[in-house]
Amino acid sequence: MSPTEQLPLFPLGTVLFPGLMLPLHLFEERYRLLIRDLLDRPEPRRFGVVAIEFGHEVGAGAAQRLAEVGCVAEVHGVTALEDGRFDIVTVGADRFRFKGVDDSLPYLRTDAELLPDEAGSDAAPHAARVAHLFQHYRDRLAAAGGEVAAPIDLPADPVRLSYLVAAAAVLDLHTKQRLLEAEDAAVRLRIEEELLVRETRLLNAVPAVPASQFIDGGVHLN
């Protein structure tokens, strides 16, 4: 049976992957309370980031439907601002699945089932193929006018590579969520092979791409 952990939940219009950094600017009172509660606990300080499948991060109709699989965010840095807001830096840790939420506090909580991260069958050859396709994809994206980050040292580990490519490629939220939910790295890498071939063909066929960040290094607002 998979281990479980009670986690505060932070719905966002993005997908967090294990090993990737996510800065957040917290201004809503419920999330200020969340981080204050976490700061009263010993390290590691963790909460769950889940993608919003329908709704918005703030305001009317916020987070009406959440993805069932999310990623634990470990807090690695907190800056308290004079007006009560917080700037925090988090790093993705375990994937988790939840089926229900506790809304007795201003922010949501869940008993999260932590999911394993396994390489899967024949992950190594798929990793080599994805690494090659990813570098070619980056070259084509840059040539087409996309915003490409500085050169990336790709990890040899198939699990880490699968998450880095999932986070770095310019894909819609639904596709990124599908990659997060993949059973293991081998499955995720096989999906990425197909996606990278498709996206590179599109870049070859279209002279320019819409302006977008290749890796989103900006601060997400709650």
Side-chain angles (χ1 to χ4, degrees), residues 1-24 30-31 34 38 44-58 61-76 88-103 105 107-121 123 126-127 130 155 157-196 215-216 220 222:
M1 181 178 294
S2 299
T4 61
E5 178 180 347
Q6 187 179 72
L7 291 172
L9 282 182
F10 199 125
L12 279 176
T14 190
V15 176
L16 175 63
F17 292 95
L20 277 297
M21 188 176 70
L22 177 67
L24 292 166
R30 55 180 167 169
Y31 297 124
L34 185 156
L38 285 181
R45 299 180 175 106
R46 291 155 56 98
F47 59 90
V49 171
V50 286
I52 301 169
E53 294 187 330
F54 181 70
H56 307 281
E57 292 183 6
V58 296
Q64 294 182 14
R65 187 176 71 235
L66 302 177
E68 290 187 1
V69 173
C71 181
V72 175
E74 288 192 351
V75 179
H76 283 230
I88 68 173
V89 175
T90 72
V91 175
D94 307 272
R95 295 181 306 147
F96 68 89
R97 183 186 307 276
F98 77 95
K99 298 183 183 296
V101 296
D102 176 354
D103 61 358
L105 294 178
Y107 55 83
L108 302 176
R109 294 177 296 171
T110 188
D111 288 322
E113 174 192 0
L114 302 182
L115 301 176
D117 267 326
E118 299 174 349
S121 179
H126 290 292
V130 165
D157 176 66
V159 175
R160 293 177 58 207
L161 176 67
S162 72
Y163 285 133
L164 176 60
V165 171
V170 181
L171 302 168
D172 60 37
L173 185 142
H174 173 78
T175 303
K176 286 182 178 284
Q177 183 65 32
R178 179 187 173 204
L179 291 171
L180 180 68
E181 294 180 7
E183 180 180 351
D184 54 41
V187 172
R188 189 173 301 111
L189 289 164
R190 287 197 293 269
I191 297 171
E192 288 169 352
E193 284 184 50
E194 297 175 0
L195 290 170
L196 290 170
I215 295 182
D216 186 0
H220 288 261
N222 69 278

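For L164 against P155, the heavy-atom pair with the smallest separation is CD2-CD, 3.7 Å. Nearest heavy-atom pair, F96 versus L7, reported as atom, atom and distance to 0.1 Å: CD2-CD1, 4.2 Å. Between G92 and C71, the shortest heavy-atom distance links the atoms CA-SG, 3.8 Å. Here the shortest heavy-atom pairing between L161 and A127 reads CD2-O, 3.3 Å. Among all heavy-atom pairs drawn from E118 and D184, the shortest one is O-CB, 3.2 Å. Of all non-hydrogen atoms in R109 and P8, the two that sit nearest each other are CG-CA, 4.0 Å.
Put simply, OG1 on T14 and CG on L22 are 7.0 Å apart, with the number rounded to the nearest 0.5 Å. We find the CG-CZ distance between L108 and F47 to be 13.0 Å, quoted to the nearest 0.5 Å. Atom CG of L16 and atom CE of M21 lie 11.0 Å apart (nearest 0.5 Å). Between the CG atom in L24 and the CD1 atom in I88 there is a gap of 4.5 Å [rounded to 0.5 Å]. The CG atom of L195 sits 6.0 Å away from atom OG1 of T175, with the distance rounded to the nearest 0.5 Å. Here NE2 of H126 is found 13.5 Å from CZ of R188. Values are rounded to the nearest 0.5 Å.
With contacts defined as side-chain heavy-atom distances shorter than 4.5 Å, the pair L173/I52 does not qualify. In this structure, H76 and T90 have side chains that are not in contact, with every pair of non-hydrogen atoms separated by 4.5 Å or more. Side-chain contact between V75 and L38 is present, with at least one heavy-atom pair separated by less than 4.5 Å. Using a 4.5 Å heavy-atom threshold, the side chains of Y163 and R95 count as touching. When side chains are defined from C-beta on, V165 counts as touching L196, because their heavy atoms get closer than 4.5 Å. V91 places none of its side-chain heavy atoms less than 4.5 Å from the side chain of L20. Side chains of V69 and F98 form no contact here, defined as non-hydrogen atoms less than 4.5 Å apart.
Dense packing is recorded around CZ of R190, with more than 12 heavy atoms of other residues, nucleotides or ligands lying under 6.0 Å away. Other residues, nucleotides and ligands contribute more than 12 heavy atoms inside 6.0 Å of the CD atom of Q6.
For Y107 and Y31, the ring centers are positioned 6.0 Å apart or more.
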L180/F17 under side-chain contact (heavy atoms from CB on, under 4.5 Å): CA gap, chis, key distance, verdict
CA-CA 7 Å; L180 180 68; F17 292 95; 3.8 Å; yes

Give the C-alpha distance, both sets of side-chain angles, the deciding distance and a yes or no for side-chain contact (heavy atoms from CB on, under 4.5 Å) between D94 and L115.
CA-CA 7 Å; D94 307 272; L115 301 176; over 6 Å; no

Under the criterion side-chain contact (heavy atoms from CB on, under 4.5 Å), I'd like the reasoning laid out for E53 against L66: C-alpha separation, chi angles, the key distance, then a yes or no.
CA-CA 5 Å; E53 294 187 330; L66 302 177; over 6 Å; no

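Using a 4.0 Å cut-off between charged nitrogen and carboxylate oxygen, R46 and E5 count as a salt-bridge pair.
Under the 3.5 Å distance criterion, the side-chain polar atoms of K176 are left unmatched by any main-chain donor or acceptor of L171.
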